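Quick notes on the structure that follows.
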Protein chains: 2
Amino acid sequence: MNSELIAAARRFNRTVTQRVGALDDEYMARGRPLAQARLLWEIGPGGAEVAALRARLGLDSGYLSRLLRTLESDGLVTVGPADQVGGDARVRAAVLTDAGRTEWAELDRRSDELAWSILEPLTEQRRERLVAAMAEVERLLIASMVVIEPCLPGDPRARACVRAYARDLARRFDDGFDPALSNPVHDEELVPPAGVFLLATLNAEPVGCGAVKLHRDEPAEIKRVWVADSVRGLGIGRRMLDELERYAAERGWDAIRLETNGNLTEAIAMYRSAGYREIEPYNTEHYAHHWFEKHLAP
Amino acid sequence: MNSELIAAARRFNRTVTQRVGALDDEYMARGRPLAQARLLWEIGPGGAEVAALRARLGLDSGYLSRLLRTLESDGLVTVGPADQVGGDARVRAAVLTDAGRTEWAELDRRSDELAWSILEPLTEQRRERLVAAMAEVERLLIASMVVIEPCLPGDPRARACVRAYARDLARRFDDGFDPALSNPVHDEELVPPAGVFLLATLNAEPVGCGAVKLHRDEPAEIKRVWVADSVRGLGIGRRMLDELERYAAERGWDAIRLETNGNLTEAIAMYRSAGYREIEPYNTEHYAHHWFEKHLAP
DNA sequence: TCATATGCCTGACTAAAGTCAGGTATATGA
DNA sequence: TCATATACCTGACTTTAGTCAGGCATATGA
């Protein structure tokens with residue numbers, strides 16, 4: 001716990017976050033209560049389901065409902081059934097009216113204006129440095145906001161990750177990826193005590209996964225490590241690996257292994273840098289070219 | 001108006017500012033209403049005058065008074081006369097009690113905790129990159145928040161800047177700085193239409209100044225360009241120079257000049273890079289070694 | 001088909017935040 | 001010394017934000 005780093009991060013929180021945040025709110029509000037303005041913004045020109053708004057804004061269901069009624073009576077939005085094909089008839093969605101769209105465009109304009117008012121006083125050179133530093137802060141903060149937690153493999157978010165994982169493999173392997181040709185992994189193998197499925201989420205959205213099987217009298221085995229494109233290059237894969245290893249080590253396993261395809265070069269590089277060394281094949285996985293093992297400190 | 005830069009700044013405002021800001025508030029509040037917690041924090045271990053608190057937090061006078069009563073009745077602060085020597089007996093200051101100091105320390109601790117919770121998930125290397133980028137954003141945002149405006153030379157903030165300017169000169173000149181030996185500048189020469197005094201402020205605190213005298217039938221003359229240490233290296237001096245030149249140019253002057261001491265090397269470099277070229281002495285300023293002039297585009 | 005869960009809703013409430021119009025004591029400039 | 005300004009205060013008020021309990025219609029699993 002380095003106190004100089006902490007002091008710098010605190011200064012940032014205070015000066016940047018509080019001040020720019022307050023400005024942002026001021027620009028956003030324009031007469032209307034902030035909560036309404038934020039909601040209007042979040043609905044956006046494309047509309048949004050009520051549940052999604054609740055999740056994104058973190059609002060109480062009753063409160064959100066009331067806010068929607070207010071916007072509705074101001075003629076800015078209409079709330080109706082979210083007629084997705086074969087959808088749940090309870091689900092409703094908010095859509096902007098023409099007046100709402102005008103209002104939204106105004107918010108958009110003001111948001112641009114605020115951003116420009118920050119950049120404008122600077123020289124061209126400093127503007128570019130500021131924007132570059134902002135992008136760096138943003139990326140690294142996103143990295144730090146990713147949470148890795150155990151999750152049941154049957155969870156819809158877990159399923160979504162595994163599907164994305166399979167799509168990625170199909171795209172990257174020379175001969176595509178047919179799950180039927182690959183060694184199967186059953187859900188119950190990824191539920192404690194047999195193993196675990198870890199889910200990485202960013203603001204409750206799934207952005208990565210990984211699993212470990214705790215084989216009896218054999219090294220533990222890592223499966224399904226996947227990270228969404230949107231958060232690649234932020235060290236999430238490495239953190240996932242660390243968590244999986246820790247899980248196995250804490251339960252008494254002293255070695256862990258995995259197999260991988262030769263086309264996944266970054267993954268292979270990550271395994272090597274994480275201390276994995278290549279071993280002889282320990283199974284007959286159709287799509288595997290490399291087998292790795294690492295000893296775990298107790 | 002570069003729309004890519006704007007888009008990046010907007011993304012930053014949204015993701016970083018809103019999220020970290022919300023976290024910050026949450027950590028700060030700890031049971032107590034946010035406004036009270038913020039006030040307690042702002043009073044700090046050293047205490048603070050009521051007027052200063054009002055300015056820093058941007059609160060209504062009545063509202064602040066009530067907040068102070070609440071903290072007082074909770075036994076966290078005492079509000080009494082701000083007994084500065086020979087001071088205004090109306091001015092009052094808030095001071096933390098022992099209980100208030102304890103509470104403040106707890107806020108301090110939580111603030112550290114929040115900062116660490118942001119850095120902790122990252123690798124050492126990424127932590128350092130994040131902190132460096134945060135510092136860069138902070139500095140450049142500070143630069144962009146500095147406002148340069150005309151101000152009467154008799155304004156206390158202007159006086160404070162001129163005093164700081166004289167102190168700086170005394171420190172940097174080989175033989176100190178005695179205003180009596182220097183060509184005098186009278187207030188009325190720095191009031192329109194004879195000239196102007198510009199004040200640079202950061203959150204209403206004076207951080208720099210500069211003045212121009214509009215001599216009849218002669219080039220305009222720049223005086224008293226000064227920038228506080230706390231905001232040096234952010235291009236404030238250059239902006240000040242630009243504003244002074246603009247002021248003279250807009251009123252019809254086509255040349256502007258200034259004299260400076262040989263020890264002020266960064267200032268001299270700035271003048272040169274801003275297009276000033278050295279000329280023969282146009283006056284007999286005791287402390288001057290160099291005289292510069294620049295032609296102004298109409 | 002029935003118990004239970006879920007998505008969204010309304011009504012009733014509270015707390016926090018903020019505004020405004022004076023009021024008192026002190027300071028200041030003519 | 002007197003009118004006016006200033007620093008802080010109190011009282012009365014409104015708006016915004018947020019919570020909680022329950023209700024209705026639809027979905028879901030046994």
Side-chain angles (χ1 to χ4, degrees), chain A residues 18 21-22 25-26 28-40 42-43 47-74 77-95 154-156, chain B residues 18 21-22 25-26 28-40 42-43 47-74 77-95 154-156:
Chain A
Q18 297 293 350
D25 287 353
E26 223 175 276
M28 186 63 106
R30 60 172 316 239
R32 188 178 305 288
L34 185 56
Q36 279 177 43
R38 275 213 249 265
L39 176 54
L40 186 70
E42 207 61 48
I43 292 170
E49 292 188 0
V50 173
L53 294 171
R54 208 161 45 222
R56 270 186 266 161
L57 294 165
L59 298 177
D60 172 84
S61 153
Y63 184 30
L64 172 58
S65 198
R66 198 169 331 255
L67 286 173
L68 284 170
R69 290 302 85 67
T70 312
L71 290 180
E72 228 172 7
S73 76
D74 287 358
V77 315
T78 53
V79 180
D83 30 36
Q84 10 161 4
V85 272
D88 187 327
R90 291 168 306 179
V91 174
R92 312 229 298 155
V95 180
D155 187 294
Chain B
Q18 298 293 350
D25 288 352
E26 224 174 275
M28 188 61 109
R30 62 168 318 235
R32 188 176 303 289
L34 184 55
Q36 280 178 43
R38 274 214 251 264
L39 176 54
L40 186 71
E42 207 61 48
I43 292 170
E49 294 188 1
V50 173
L53 293 171
R54 207 162 44 221
R56 270 186 265 161
L57 293 166
L59 298 177
D60 172 84
S61 153
Y63 184 29
L64 172 58
S65 198
R66 199 170 330 260
L67 286 173
L68 284 171
R69 291 300 86 68
T70 312
L71 290 180
E72 229 172 5
S73 75
D74 287 359
V77 316
T78 54
V79 180
D83 30 36
Q84 6 159 10
V85 272
D88 187 327
R90 291 167 305 178
V91 174
R92 314 228 298 153
V95 180
D155 186 294

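Predicted model, so just to flag it, every value in this text is computed and none were measured. Every heavy atom of this structure was used, including side-chain atoms; hydrogens, water molecules and symmetry mates were not. By convention in this document, chain letters (A, B, ...) are assigned in the order of the sequence lines, proteins followed by strands, and residues within each chain are numbered from 1.
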5'-most contact on DNA chain D: Ala51(B) or Ser61(A), nearest heavy atom basis?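 It is Ala51(B), whose closest nucleotide lies nearer the 5' terminus.
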Measuring from the side chain of [X] (C-beta onward, heavy atoms only), which nucleotide among [options] has the closest atom?
{"X": "Val91(B)", "options": "dC9(C), dA7(D), dA17(D)", "answer": "dA7(D)"}
{"X": "Pro33(B)", "options": "dT10(C), dA17(C), dC8(C)", "answer": "dA17(C)"}
{"X": "Ala89(A)", "options": "dA17(C), dA27(C), dT26(D)", "answer": "dT26(D)"}

Side chain to side chain contact (heavy atoms under 4.5 Å, CB included) between Leu68(B) and Arg92(B), intermediate numbers included: CA-CA 11 Å; Leu68(B) 284 171; Arg92(B) 314 228 298 153; over 6 Å; no
Euclidean distance, atom [atom1] of residue [X] to atom [atom2] of [N] [Å, nearest integer]:
{"X": "Arg90(A)", "N": "dT26(D)", "atom1": "CZ", "atom2": "P", "value": "10 Å"}
{"X": "Arg54(B)", "N": "dG18(C)", "atom1": "CZ", "atom2": "P", "value": "16 Å"}
{"X": "Leu59(B)", "N": "dA16(C)", "atom1": "CG", "atom2": "C1'", "value": "13 Å"}
{"X": "Leu34(B)", "N": "dG18(D)", "atom1": "CG", "atom2": "P", "value": "11 Å"}
{"X": "Asp88(A)", "N": "dC9(C)", "atom1": "CG", "atom2": "P", "value": "13 Å"}
{"X": "Tyr63(A)", "N": "dA12(C)", "atom1": "OH", "atom2": "C1'", "value": "16 Å"}
{"X": "Glu49(A)", "N": "dC8(C)", "atom1": "CD", "atom2": "P", "value": "7 Å"}
{"X": "Leu64(A)", "N": "dC20(D)", "atom1": "CG", "atom2": "P", "value": "17 Å"}

Any donor-acceptor pair, under 3.5 Å, between the side chain of Arg66(A) and the base of dG18(D), if you only look at N and O atoms?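 Answer is no: no donor-acceptor pair is held.
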Considering just the side-chain nitrogens and oxygens of Arg69(B), establish if one lies under 4.0 Å of OP1 or OP2 belonging to dC9(D).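 Affirmative; the distance criterion is met.
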Distance only, no hydrogens: is a donor on one side chain within 3.5 Å (strictly under) of an acceptor on the other, for Ser73(A) and Arg69(A)?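 No donor-acceptor contact under 3.5 Å links the two side chains.
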Begin from the C-alpha positions of Leu34(A) and Glu26(A) and carry the test side chain to side chain contact (heavy atoms under 4.5 Å, CB included) through to its verdict. CA-CA 8 Å; Leu34(A) 185 56; Glu26(A) 223 175 276; over 6 Å; no
Test side chain to side chain contact (heavy atoms under 4.5 Å, CB included) applied to Leu64(B) and Val50(B), step by step: CA-CA 8 Å; Leu64(B) 172 58; Val50(B) 173; 3.8 Å; yes
Considering all heavy atoms, the nearest Met28(A)-Ala37(A) contact: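 Closest pair (atom of Met28(A), atom of Ala37(A), distance): O-CB, 3.5 Å.
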How do Asp60(A) and Gly31(B) order along DNA chain C: which one's closest nucleotide is nearer the 5' end?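 The residue mapped nearer the 5' terminus is Asp60(A).
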